[in-house]
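So the structure is just underneath, and the comments pick up after that.
Because only heavy atoms are used, hydrogens play no part in the values below, and waters and symmetry mates are left out as well, while side chains stay in. A quick note: this is a predicted structure, and the numbers were derived from the prediction, not measured. Atoms within each ligand, like the ligands themselves, are counted from 1 in listed order.
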Amino acid sequence: MMYTIWRVVGITIGVTAVVGVVVGSLTWGILANRGPPPPELKPLDWWEHTVIYQIYPRSFKDSDGDGIGDLKGISTQLDHLVDIGIGAIWMSPIFVSPMVDFGYDISDFYNIQAEYGTMADFEELVKKAHDLGIKILLDYVPNHASDQSEYFKRSLAREPGYENFFVWADPIIDPNNASNRLVPSNWISEFGGSVWEWSEIRQQYYLHQFAKEQVDFNFRDPAVRNEMLNIMKYWFEKGADGYRLDAVVHLFEADPNDHGGVYPDEPLSGNMFLNPDQAGYTTQEYTKHLIELYDVLYDWREFADGWKDENNSETKILLAEAYANITMTMLYYGVEGGRDGAHFPFNFELINSLSAKSSARDFVYVIKRWLTYMPSGRVANWVFGNHDKNRMPSRFRTNMVDGLNSLSMLLPGVAITYQGEEIGMRDGYVSWEDTVDVAACNQGNPDNYLEYSRDPARTPFHWDNTTNAGFSTNSTTWLPIALDYTEINLKAQKEAKRSHYKVYKSLISLRKQPALSHGSYHIQALSENTFILIRHLITHDTYALLFNVGSEDDTVDLDNVTLLREPLTVYASSVHSSRVDGDTVPWGERGRVTLQAGEAIVLRAPPT
Ligand code: NOJ
Ligand code: MG
């Protein structure tokens, strides 16, 4: 019979049972002989603890000198992705598109956009990536198609089979003036203005939740749902390992059959910061989060799982883009005890609910909220940025880059990196004249366009300090290069003794540690601005992140933190930290560990 209690940083922990005496600081040798056997680690599927790297293909690497990134560019830079250690890439859309919304307006779902390359380039990229152990995720845009697509042309012509492919509605006759046409409802598009666009050809309105060139499919038409499965199958056969599912909250709108034959107006939201033509001015209750969409999503999951079984392939994953409240978000995982949904919905809480103003408690609360609401047995994920949001160091503070990257790497589940985060790229400056994002062009003016523009987060990747940051040999690039590229670029960070790149890379490699892949998590605020995240697995090294998210020095006390046994060694630290890897935090100093503003330290402690 073996009962052990020992002192772990000022508190006592019972291992097998709480009996007897405090043994004090036992050495691991003794514990190892007497303690329980190391736990068996549950094997993980390829995606469950991977790092997904989002590539915005237009801005990653231009191989043919036209100022626009392309597939060959990605193929030539796979070494960088192997070097940093990611497991999968998700590419924003690469399909044929008039580029009104830079690929999120697809006109041919089965072919590659010529400026990005050919099908052969795609196949080569898939092969090269797979040979290197990197999975390829594509962007699946089921909610809408380009108004230049064959689907739309056929629907315009009322071709049999396509007549109801999109959401068509008759105009409302103005009761005061019969020659006047009114839109079917007051619904507002995400990029501003009515969702309804008049078609002279069909003498009807069609619905678009984004730009008028992005026409919403009618998911109540079985032919549409069937075509979506054809598309999914097609790219699975071409080697795609899964999909990011775009804009799924918009799949359905209210059905006139449930509302006396009309499209019901939405009540006003009361949000006084919005203009009447801006999304959110009305409640969006008939245009977003309709419950019907979940069944479609669950069907996709069934299809993806079925494809995997039939073809004896590795798991094909589905990741849902759903900006929704926490309850509706969690339903994207599936129903507890019922059907499965996406492998995960992206966790946008770190983007939506945290900023430079957040305290340590805010971080702890937001992180715990996801983990608390997540249905049991599911995999968490952590997102600090994407092509739709201002870049992470611009939303937070530039001295927080290493801490934020460390946090996403140390939290349980999947970490997602938007291209450039590994070197701390910030928003680029894009003048009004150079602005190309449809969201900004539609809703903005020279004075306010930056409130809407997604261009600053999309400027090209900084490879080195040569012309165009090594992105392109063309005299111009589709978006300007951010001015800080001479200072913030991959080559310089590889050469520097300390850099964001080096911290990022060492944190990814730490993910192989069992405490990170399989351990429990403990997160708590130690003060207003500093929190600690501990990953712990019995008989394995423990790792902890200490992070001061405030803008001043902060001194915290580790004496009351459980699970951190001596000696505490610095595994990694922010580039501006005075601590270097391998430093120890002596026992006497644990009661007053000082962190500079934005400083993060990752500590290693021996097993308990
Ligand atoms: C979400 C995408 O991330 C965004 O870039 C796009 O504009 C909309 N969905 C519409 O497809
Ligand atoms: Mg090119």
Ion pair Glu163/Arg158, N-O distance below 4.0 Å: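 Between Arg158 and Glu163 there is a salt bridge, with a charged N closer than 4.0 Å to a carboxylate O.
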Output yes when Arg339 and Asp299 qualify as a salt bridge under the 4.0 Å nitrogen-oxygen rule, no when they do not.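 Asp299 and Arg339: salt-bridged.
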Test item: [X] and [Y] side chains (from C-beta on) under 4.5 Å apart, heavy atoms:
X	Y	value
Ile136	Leu125	yes
Arg220	Asp255	yes
Ile367	Trp382	yes

Can you tell me which residue among Ser92, Ser97, Ser146 is in a side chain to side chain donor-acceptor pair (under 3.5 Å) with Tyr104?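 Output: one option passes, namely Ser92.
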Once the angle between the rings of [X] and [Y] is folded into 0 to 90°, is it parallel (under 30°), tilted (30 to 60°) or perpendicular (over 60°)?
X	Y	answer
Phe210	Phe191	perpendicular
Phe346	Phe344	perpendicular
Phe217	Phe166	parallel

Ligand-residue contact atoms, ligand 1 with [X], heavy atoms, under 4.0 Å:
X	value
Glu321	1 (C), 3 (O), 9 (N)
Arg454	4 (C), 5 (O), 6 (C), 7 (O)
Arg458	5 (O)
Phe210	8 (C), 10 (C)
His144	10 (C), 11 (O)
Phe191	7 (O)
Arg244	1 (C), 2 (C), 3 (O)

So which protein heavy atom does [atom] come closest to, and at what separation?
atom	value
atom 6 (C) of ligand 1	Asp101 OD2, 3.3 Å
atom 5 (O) of ligand 1	Asp388 OD1, 2.7 Å
atom 9 (N) of ligand 1	Asp246 OD1, 2.8 Å

Taking 4.0 Å as the limit for heavy-atom contacts, which would you say applies to [X] with ligand 1: side chain only, backbone only, both, or neither?
X	value
Glu190	neither
Phe346	neither
Gln209	neither
His250	neither

Heavy atom of Phe102, distance to ligand 1 below 4.0 Å: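 So Phe102 does not count as touching ligand 1.
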On the six-membered ring of Tyr53, is Lys135 placed so that its NZ or CZ lies under 6.0 angstrom from the centre and within 45° of the ring axis?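 Because its charged atom misses either the 6.0 Å distance or the 45° angle limit, Lys135 does not stack over Tyr53.
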